[in-house]
Amino acid sequence: MIEVRGLTKQYGPVTAVDDLTFSVKPGVVTGFLGPNGAGKSTTMRMILGLDRPTSGEALIGGSSYKKLRKPLETVGALLDAKAVHPNRSAYNHLKWVAQTNGIPTSRVKEVLTMVGLQDVARKKVGGFSLGMGQRLGLATAMLGDPEVLLLDEPVNGLDPEGIRWVRTFLQALAAEGRTVLVSSHLLSEMALMADDLIVIGRGKLIAATSTAEFTQMAAGSLTRVRTDNIEEMSAALDSEGVEYSLGQDARGRDSILITGNDTDFIGKLAYTYGIPLSELTEQETSLEDAFMALTSDSVEYRAPGTTETSTQPAADKGDA
Ligand SMILES: Nc1ncnc2c1ncn2[C@@H]1O[C@H](COP(=O)(O)OP(=O)(O)OP(=O)(O)O)[C@@H](O)[C@H]1O
């Protein structure tokens with residue numbers, strides 16, 4: 001169990017983490033989602049005692065990291081898979097970590113086998129592919145057979161097979177009753193991997209819920225409208241205070257995407273204003289759409305020309 005209470009981190013004028021409170025339960029994979037700069041890494045570093053909170057606390061199994069008697073046997077972490085000496089072999093790296101933490105060296109072989117690196121154990125880490133480096137990072141995290149795992153972007157840069165392997169590996173560890181917190185910006189991957197989600201934006205908590213509920217939070221209320229009278233329809237929506245964005249559907253046709261209102265309401269509204277519609281459909285919302293919609297106010301840097309909400313990119317994906 002990980003418990004974060006009122007956690008705050010200020011870097012000068014920047015509030016990287018802003019009064020975060022959430023808990024991560026054992027037995028499931030919990031995804032830690034947020035746009036770039038949302039504060040995920042800073043939060044994980046504070047949980048691991050690598051950064052001191054400005055206020056608040058983070059507890060692992062009821063204790064702060066600093067108070068853990070055998071930290072590696074309580075929590076395993078993967079923050080930066082490249083932080084390994086390139087001239088060291090995988091075996092020697094793990095042996096060194098084991099010895100400096102009072103873990104028997106016999107455990108090294110076990111974790112190498114667990115992640116499928118037994119055949120390259122004596123090879124220098126500098127020659128490892130990204131996927132092999134991530135496996136070594138996971139082996140290091142598992143050395144102390146910890147109850148809690150904290151992994152920062154473990155699938156970043158991996159090919160589909162590598163991603164699938166990490167997913168299966170982490171789900172199996174969670175099924176053993178461990179607490180697994182995984183940060184990622186790959187939302188589609190989180191939808192497959194995580195049962196629960198902690199979503200943050202600009203350091204603040206946006207949602208702490210099951211993946212299914214999170215998707216539903218923004219789902220069902222996204223409506224696509226096509227009409228030859230886009231300007232009149234936009235004016236009608238404006239005067240009724242309805243939120244919408246203009247975009248194109250998969251076939252490049254101009255359309256209006258409306259959030260927060262169902263098709264019944266929009267259909268009646270169009271009728272009242274005497275606007276003929278060519279299309280009025282409810283859109284399926286993917287996890288990615290839900291994430292974009294709920295974090296759209298929290299994105300630190302937005303590329304020029306990108307839209308305020310998910311609704312226009314969602315239109316590009318058509319009916320996918
Ligand atoms: N050591 C630091 N000094 C000053 N500002 C920092 C420091 N570390 C992080 N920040 C700022 O804190 C905010 C949160 O950063 P953090 O790296 O935790 O976000 P993140 O969600 O992990 O982002 P990403 O997905 O890009 O890794 C950002 O605005 C970042 O610039």
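When a ligand or atom number is given, it counts from 1 through the structure's own listing order.
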Would you kindly say whether Thr223 and Glu282 are connected by a side-chain donor-acceptor distance under 3.5 Å?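 Side chains of Thr223 and Glu282: no pair found under 3.5 Å.
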Could you list the atoms of ligand 1 found under 4.0 angstrom from a heavy atom of Lys40?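 Counting atoms of ligand 1 from 1, those under 4.0 Å from Lys40 are 18 (O), 19 (O), 20 (P), 21 (O), 22 (O), 23 (O), 24 (P), 25 (O).
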List every atom of ligand 1 that sits less than 4.0 Å from any heavy atom of Gly39, numbering the atoms from 1 in the order shown and giving each element. 14 (C), 16 (P), 18 (O), 19 (O), 20 (P), 21 (O)
Using the side chain to side chain contact (heavy atoms under 4.5 Å, CB included) rule, pick out the option among Asp196, Val24, Leu181 that qualifies with Phe32. Leu181
Considering only heavy atoms from C-beta outward, does the side chain of Val166 approach that of Leu151 to under 4.5 Å?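 Side-chain contact under 4.5 Å: no.
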Proximal candidate to atom 12 (O) of ligand 1 [heavy atom criterion; set Ser184, Ala38, Ala16]: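 The nearest heavy atom belongs to Ala16.
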Has ligand 1 got any nitrogen or oxygen that is less than 3.5 angstrom from a nitrogen or oxygen of [X]?
X	result
Thr42	yes
Gly34	no
Thr43	no

Ring geometry between His93 and Trp96 (parallel below 30°, tilted from 30 to 60°, perpendicular above 60°): tilted
Would you sort out whether Ser255 and Asp249 count as a side chain to side chain donor-acceptor pair (under 3.5 Å), showing the intermediate values? CA-CA 6 Å; Ser255 47; Asp249 69 5; 5.4 Å; no
